[in-house]
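Numbers here simply count residues along the sequence, with the first being 1. Order of listing sets the numbers, starting from 1, for every ligand and every atom in it.
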Amino acid sequence: MKKRIFSGSRRLIMAVAAIVTMPAWNNAWAQTLRIAPLANDNFLIRVSPETKEKFLLLPIEEAAPESQVRVVADNAQQRLLNIRMALTKVDYYLPFSLDEFRGMELSLYSHINIDRSNRGGVGSEIWRNHIGLSDTFDTTNREKFRPTYHHAPEYAWMNDPNGMFYKDGVWHLYYQYNPYGSMWGNMHWGHSTSRDLINWDHHPIALKQDMHGAIFSGSCIVDHNNTAGFGNDAVIAMYTASTQTPWGYDLQTQHIAYSTDGGYTFHKYEGNPVLTADIPDFRDPNMFWMEETQRWILVMSAGQEMRIYSSPDMKDWTEESRFGKGLGCHDGVWECPDLMKLPLPGSKGSKWVLICNINPGGPSGGSATQYFIGDFDGHRFTVDNAGRYEDGKSLWQDYGKDHYATVSFSDAPDRRHTMIGWMSNWQYANVVPTMQYRSANTICREPYLYKGSDRLLYLGSRPSPEYTGKGLDREVKIKGSCSVILSNAQGEEFRLIYDEKAMTLTADRSCSGEKAFSQDFDVKAVAPVRNRITGMRIFIDNSSVEVFANNGEVVITSLVFPKSRYNNIRIEK
Ligand code: FRU
């Protein structure tokens, strides 16, 4: 997509304005964009087959309620979108790509949620005067909070990382993406790639929502041995299609899509869905190949438990077992699972770790990532030492407020289980003070098992080796209880308080910068410490701080919105 200006937009806006004042269709069929008012706050936005431009630019107002847009082309319903069409002012524009509708008559039946709360009466629908066609869309960043070395979408909303895999030197990262707004909705899979986990290239949308539903979270694998029949080394994505029936029920079904060009374009399998269940929250398929049983293993979040399935070909799935009753935190829905084998420290053995994201129920409110350590035999996951998880007790991979939906890359080099998380919290993700884009991901991390001073096993997360020696982090050595304070020239501070007696590390962002957007933001995150802390690696970016104490034994990830990036570190006893 080319950067800069909406070319010819003035002329176009005037032309559009002239058309929209007409009461209904006229015979000016040569017009490429026409708008006709229909009954009951509905409008028909029509783009003719002769249209040459690449995009229909949608004027968006963040505070406007969602309007419903039914996209019809070729006499078929193509999408059902919820778009915050501007009613009183235009906050920004977003492009609706016309490429796939070239040569077709395109109709957008739009039920505009007109604001009748006297914010402007008749004038409270200014989208009509600003919608237009264009060949370019401006993706230039104008926001000071955009991170410099974390992955973030080029524009618009992002949540969970999805379907990550590594192939031929390239890390592929898909993500929950709303191309039509900077708040959650209209889920697609966006796509980015990187060779160094620092610089990311952005690609066209990989999976678009369709009439099965929006494309929710899922995973990808590389099918080296053509088990699914789409070819050797085909990339197979498995995702949840989520839809609301006209009768008001949410339905979630599991689908696969394959790519024979290394993950850039996907074809949805005609036999979809490949897996269903009779419960409403049934989503986020995560699959991997189990050498021992020569089967694909799939972990699904299902309400407040995980269900485990197996398959020879990713099309026919057999339920193997269920996990979670009476164990861990159940204060929210279990989401985005992952299951991986990690080496035991100081021995040749290994243990399995089940990752279970949950929302809400996190240790300092909202969403967070809990984990369980145990064994998996290809059929059933069992925890060691169940007492650690009984009565609502749970272990968390990251005790900060902004670490969620974390899952691993498949096929990472050297049998790594590189993970990445969404750096936000469902309590306030939609209202953090950015607009051109909203949400970034954490830096990538390498999970590992370590022993605490209580001799029990815990999950640690080290920064991936790609970040070493790049000058991105600051190393701090400490001895005994102290506060590590990050600050900027404006006197804003982010405090880390280490209490060696209480064995806790606390992140305090009460003076960190902007925080009024949500009362859930200024909450201290307290992490239990398993071994005395002697040092920390701290990654500071324009709107985040990630702390890895003892190189990953205790991890705290926090969003911050300071006037300028913290550039000073001091230690107070
Ligand atoms: C987690 C989640 C997933 C779901 C996706 C929808 O953040 O709720 O369970 O697939 O987001 O965007």
Legend entry - Residues which pass salt bridge (charged side-chain N to carboxylate O under 4.0 Å, His left out) with Arg146, listed by chain and number, not counting sequence neighbours: none
Inset, instruction - Check whether the ring centres of Phe266 and Tyr174 lie less than 6.0 Å apart, and answer yes or no. - result: yes
Inset, instruction - Go through the structure and list residues passing salt bridge (charged side-chain N to carboxylate O under 4.0 Å, His left out) with Asp91, not counting sequence neighbours. - result: Lys89
Inset, instruction - With a 4.0 angstrom cut-off on heavy atoms, strictly below it, pick out the residues next to ligand 1 and order them by chain and number. - result: Asn159, Asp160, Gln176, Trp184, Met187, Phe216, Ser217, Arg283, Asp284, Glu335, Tyr404, Trp426
Inset, instruction - Report yes if the distance between the aromatic ring centroids of His255 and Tyr269 is under 6.0 Å, otherwise no. - result: no
Inset, instruction - Please list, chain by chain and in numerical order, all residues satisfying salt bridge (charged side-chain N to carboxylate O under 4.0 Å, His left out) with Lys268, sequence neighbours excluded. - result: Asp210
Inset, instruction - May I ask you to check whether Phe517 and Phe561 place their ring centers less than 6.0 Å from one another? - result: yes
